[in-house]
Amino acid sequence: MSELSAQYNPKEVEERRYKQWEAAGTFNADPDPSREPYTIVIPPPNVTGILHIGHALNNTIQDILIRTKRMQGKNALWVPGTDHAGIATQNVVEKKLAKEGKKRHDLGREAFVKQVWEWKEQYGNTILRQLRSLGSSCDWRRTRFTMDEGLSHAVRKVFVKLHDDGLIYRGNYIINWCPRCQTALSDEEAPRVQTQGKLFHIRYPIEGSDAHLEVATTRPETMLGDSAIAVHPEDERYKDLIGKYAILPLVKRRIPIIADEDVDREFGTGAVKVTPAHDPVDFVLGRRHKLDFYNVMTDDAHMTAVPAAYDKLDRFDARSKLIRDLEEQGFLGAVDEHVHNVGHCYRCNTVVEPRLSLQWFVRMKPLAEPAIQVVKDGKLKFYPDRWTKVYLNWMENIEDWCISRQIWWGHRIPAWYCDKCLNLRGQWADPTLAGKPTGLPGIIVSEVQPSNCPTCGSGVLRQDEDVLDTWFSSWLWPFSTLGWPAKTPDLDYFYPTNTLVTAQEIIFFWVARMVMAGFYCMKETPFTDVYIHGTVRDITGKKMSKSLGNSIDPLDIIEKVGTDALRYTLVTATAIGQDVFLSDERFTVGRNFANKLWNATRFMVSQPGWQFVKNPHSALNRDRLSLADRWILSRLNKTIIRVTCAIDDYQFNDAANGIYDFLWRDFCDWYVEIAKVQISQEKAETTLRVLWHALDTALRLLHPIMPFVTEELWQRIGELAGRPAEKQTIMRAAWPKQDSYDDDPVAESEMDTLQAIVSAVRAMRSELHVPADSRPDLFLATPDAQAATAASNQESLLRALTQSGKVHVDAQRPKDAAAAVVHGIEVLLPLAGLVDAAKERVRLSQRVDQLAKQLAGTEARLANNEFTSKAPPEILEGAKAQQRELQDALKKTRAYLATIEAMAK
RNA sequence: GGGCGCAUAGCUCAGUUGGUUAGAGCGCUGCCCUCACAUGGCAGAGGUCAGAGGUUCAAGUCCUCUUGCGCCCACCA
């Protein structure tokens, strides 16, 4: 084993180990009634995706859970896959076409979709490869894609079921329209962004008078589609005008002045222009007051059906020109700066246009009911809990979901039209049709293509041109990936899944909708726990994103420091639900940790004498254990508990810290150093056993967080133990169990004293500049016989750890010595020739001051009757013990100070 | 307009139910290349826990308010 290099090389190990795992089928899980399942479905990354730091965090957490549960004996399944990401993917391919000077319409639908599939085959697996380099232990045999035949079938099935249940309808509504993507968007897909705009005041002349009515608008271009002006019915300023008509400037259309209670008297002028085809509020007004609907924009947001001067102008050019014209003609009033929230396309960031169009919707209220109840019943829990409120708030105020998209890449809506029958029904464009259920003659909704119109028998049917919102397939993911709608053994065994790990951004898009679909299709929650991790931000607090150029590329980090280091650092940075702030440098902590482990193992395996140790993994002979042996086992036991509980509670940072503290502080800093001494003292066999056991256990505890280095090292030490080859993967090793037999408070307390003595001596040597190569004798004095015995038992250890000559316990005290008092034990280093008395005097007097101050504090508390009468006994006892100890330490330290001062005279 | 989160060492952050002297990493200072590791070891400096009030024997931790940052939701055109 001496061939191990002094520095860990993660790259070689990680690539090799991952291949071995995957080839051996270690990630795979199949139904097994004898074992309990544990299931996670991956939030499917977009096929267009490349691994970013958010994926890295998200998937590291999932992998930690899966690996832990797998080691704990659960049948752990992690289902991977990708999302077809309708708009995003279409945009990518359209951009590619644009470089060739082509548009999708040049190709036609079929050829275009074919191109997208080709693109998907070529690039769509990039993200999955990258997830592998992250160490993700997914069952790759089960990789699914939202447009797989199986999942597409699930989509059609749900659509038809919703339709048959009266939960899907088609109608004319104002929806969010992205003029660039040229498609409808759901409300969630058009987030509002605070924008600095202008509020334009425009004067509308009143018919038959010289007066005018002033309205305020942020989108003056829509005035070309105005069909009324609305005021509040009780607004004194305008009461007389209600029922009269205004003349729409520039267009010269005669529009009524109407009264409606929804008008806010406080805002603007208190009079509002009504544009039913271009604003959701106005749309409602328009229907309520039976106004005309003027659609004045094309689908790419150019003006249409307007006076020639504005025809074909882009909406923003039209705005500028309108303002100029209004001003010239005296219709423009004040122009105020105005901050408002404007919807933007979540795919291309274009300002969305509220647009009246014919779309498909899902009625959400009925679906939301069980999804609300399950959370209120505590059967579905959010971690951290605060997201419960966010979820419920959205769920309880849910709006219908616009699911049709005017793009080509996606699941085509399984609805067919018989134009013959439809023509009898009139035009869909009639806004009064809005909200009417489908199921009208001439509309056939079906899982499979119908051959004839059931009403008239016509064989001429055309399928709806639109595709479904991407999330219409994602919301089925927890069961569609397991085979639904077929009743598969997988579905029966692995559903419902256990934990969903995701980011807050998609609680509404995805999490909430999955719960609804879970109940609708499976009558059961799709998962019981939702862990919401934080958003990864840079050190200035900005969200990391490619467009901001502030992102840390996880692949870059893997290249530089390795996957384990990346994972370790990500996890330590993520306190439950807190946002994660990262800088490049932080990853060196993870790298150093892996390297530390590597070297601790290197030390261990390089010890001679393993040939005498049979079965190091067999039970330890406890009679032979030294103080340090018992101590490290006790510490290990505590660490097992801490790490296990932390992972159970989704406190991954605490799990990481717990194992780090054990391995670095307890194991490397103390136990390994002590082991060197013990080995030299013919206690080699027991020491090697304890070393082996502690490291073996700790590696297993660390494995979910740092899978590669732990596998590598675990196998190395496994060779020492002659571990059977078939057990040679830590992935399937048993998760460490706590053993109360290892709890040893006596050893922990004695070790604590020993450590305090060692640190005190080192501190004295350091502060008093005792030369490194000198080995003065060490004197320990204590009135406590037990402590004295304990100290003498550790004589050789103390000598080695403190670089002392001889160690004298309760022997004659040296006349002139540097002194410290720890746990009631006087720790003395003779001054003769070594120590500068003046320095020691300063040091001691500082120490006296410090002790006196602490004592004063403790005594003040004890002098307080309220404290002594009300504090619980253990706290009171603690304070008293502290008082005694401080008094003792102070007395002894003062005595030495006096000695030194006497010497100085 | 509602709701949420954050504010602790120079920096980035832990601190789970209130309880002895508030921790870690990085950075900084001093000493050490000691035969696992300088990606390391030992020792050390550094904090009125954002501010004000309150509850309590006891508050970083609970309550109220204030300030500053960040986020989410909502049809003020």
Side-chain angles (χ1 to χ4, degrees), chain A residues 4 6-8 174 191-192 199 215-219 222 230 262-264 266-269 271-275 279-284 338 340-341 354 384 386-387 389-390 393-394 397 504-505 507-508 534-535 537 539 541-543 561 565 569 572-573 575-583 585-586 588-589 591-607 645-646 649 651 653-654 657 660-661 668-669 672-673 676 759 762-767 769 771-772 803 850 853-854 857-858 861 864-872 874-876 878-879 881-883 886:
Chain A
L4 296 186
Q7 278 185 15
Y8 173 54
I174 298 276
R192 310 279 173 152
L199 189 60
V215 303
T217 180
T218 53
R219 295 190 300 148
T222 63
D262 278 357
V263 176
D264 179 358
E266 307 300 317
F267 187 86
T269 61
V272 57
K273 62 193 254 339
V274 183
T275 322
D279 183 278
V281 180
D282 294 5
F283 174 78
V284 175
H338 183 63
H340 59 148
N341 298 315
R386 72 183 123 94
W387 296 108
K389 225 161 130 183
V390 175
N393 183 51
W394 183 82
N397 296 291
Q504 62 194 66
E505 288 92 351
I507 291 179
F508 306 141
T535 305
R537 300 176 187 281
I539 45 172
K542 288 203 179 66
K543 181 176 168 180
V561 297
T569 295
T572 54
I576 186 161
Q578 282 315 122
D579 285 351
V580 180
F581 294 81
L582 283 175
S583 60
E585 304 80 63
R586 201 161 167 177
T588 60
V589 177
R591 179 199 62 171
N592 294 354
F593 186 36
N595 191 241
K596 186 77 178 175
L597 296 181
W598 177 259
N599 278 294
T601 307
R602 204 159 69 101
F603 160 78
M604 212 180 90
V605 301
S606 69
Q607 292 307 304
C645 292
D649 294 343
Q651 313 235 349
N653 65 326
D654 193 48
N657 289 335
Y660 180 95
D661 287 346
C668 290
D669 286 353
V672 168
E673 294 310 313
K676 289 175 187 171
S759 293
R762 286 169 176 172
M764 281 191 275
R765 290 180 61 117
S766 176
E767 283 169 41
H769 298 118
Q803 303 260 309
Q850 192 188 5
K853 206 172 145 194
Q854 285 174 11
T858 306
R861 283 174 69 206
N864 185 346
N865 267 337
E866 299 256 42
F867 174 68
T868 49
S869 61
K870 289 184 185 170
E874 66 273 18
I875 299 295
L876 192 57
Q882 187 193 10
Q883 184 191 32
L886 285 169

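First the proteins, then the strands, lettered A, B, ... as listed; each starts at 1.
- A close approach under 4.0 Å does occur between a side-chain nitrogen or oxygen of A:His338 and OP1 or OP2 of B:rA77.
- The same atom, P, is picked in B:rU61 and in B:rG5; the two are 16 Å apart, to the nearest Å.
- Scanning for ring pair (Phe, Tyr, Trp, His ring centres under 6.0 Å) contacts around A:Phe508 gives A:Trp394, with sequence neighbours left out.
- Side-chain proximity of A:Tyr660 to the nucleotides B:rG25, B:rC76, B:rA36 is greatest for B:rG25.
- If you check B:rA36, B:rC71, B:rA77 against the side chain of A:Val272, the one that comes closest is B:rA77.
- In the set B:rC71, B:rA36, B:rG19, the nucleotide with an atom closest to the side chain of A:Ala600 is B:rA36.
- As rounded to the nearest Å, B:rA7 and B:rC13 have P atoms that lie 9 Å from one another.
- When distances run from any side-chain atom of A:Ala871 to the nucleotides B:rA77, B:rG19, B:rC75, the shortest one goes to B:rG19.
- Heavy atoms of A:Ala763 sit under 4.0 angstrom from primed sugar atoms or phosphate atoms, though from no base atom.
- The A:Ser766 side chain lies nearest to B:rA43 when the options are B:rA43, B:rG19, B:rA77.
- In this structure, A:Cys668 reaches the bases: a heavy-atom distance under 4.0 Å links it to at least one base atom across the strands shown.
- One N or O donor and one acceptor, one from the side chain of A:Glu673 and one from the base of B:rA36, sit under 3.5 Å apart.
- Between A:Asp262 atom CG and B:rA74 atom P there is a gap of 18 Å when expressed in whole angstrom units.
- Residue A:Asn592 places at least one side-chain N or O under 4.0 Å from the OP1 or OP2 atom of B:rG40.
- Within the structure, every side-chain polar atom (N or O) of A:Arg386 is placed at least 4.0 Å from both OP1 and OP2 of B:rC4.
- Looking at heavy-atom distances under 4.0 Å, A:Thr218 makes contact with sugar-phosphate atoms alone, never a base.
- Relative to the side chain of A:Asp669, the nucleotides B:rC72, B:rC57, B:rC42 differ in distance, and B:rC42 lies closest.
- Across the interface with RNA chain B, nearest-nucleotide mapping of A:Trp394 and A:Gly268 shows A:Trp394 to be the residue nearer the 5′ end.
- No cation-pi contact links A:Lys596 to A:Tyr660, judged by a cut-off of 6.0 Å to the six-membered ring centre and 45° from its axis.
- Checked against B:rC57, B:rC76, B:rC37, the side chain of A:Ala6 finds its nearest nucleotide in B:rC37.
- Considering only the side chain of A:His769, B:rG30 comes nearest among B:rG44, B:rU20, B:rG30.
- Put simply, A:Lys676 has a side-chain N or O that comes within less than 4.0 Å of OP1 or OP2 on B:rA36.
- Of the side-chain N and O atoms in A:Ser759, one or more sit less than 4.0 angstrom from OP1 or OP2 of B:rA43.
- In this structure, A:Lys389 reaches the B:rC4 phosphate: one of its side-chain N or O atoms is under 4.0 Å from OP1 or OP2.
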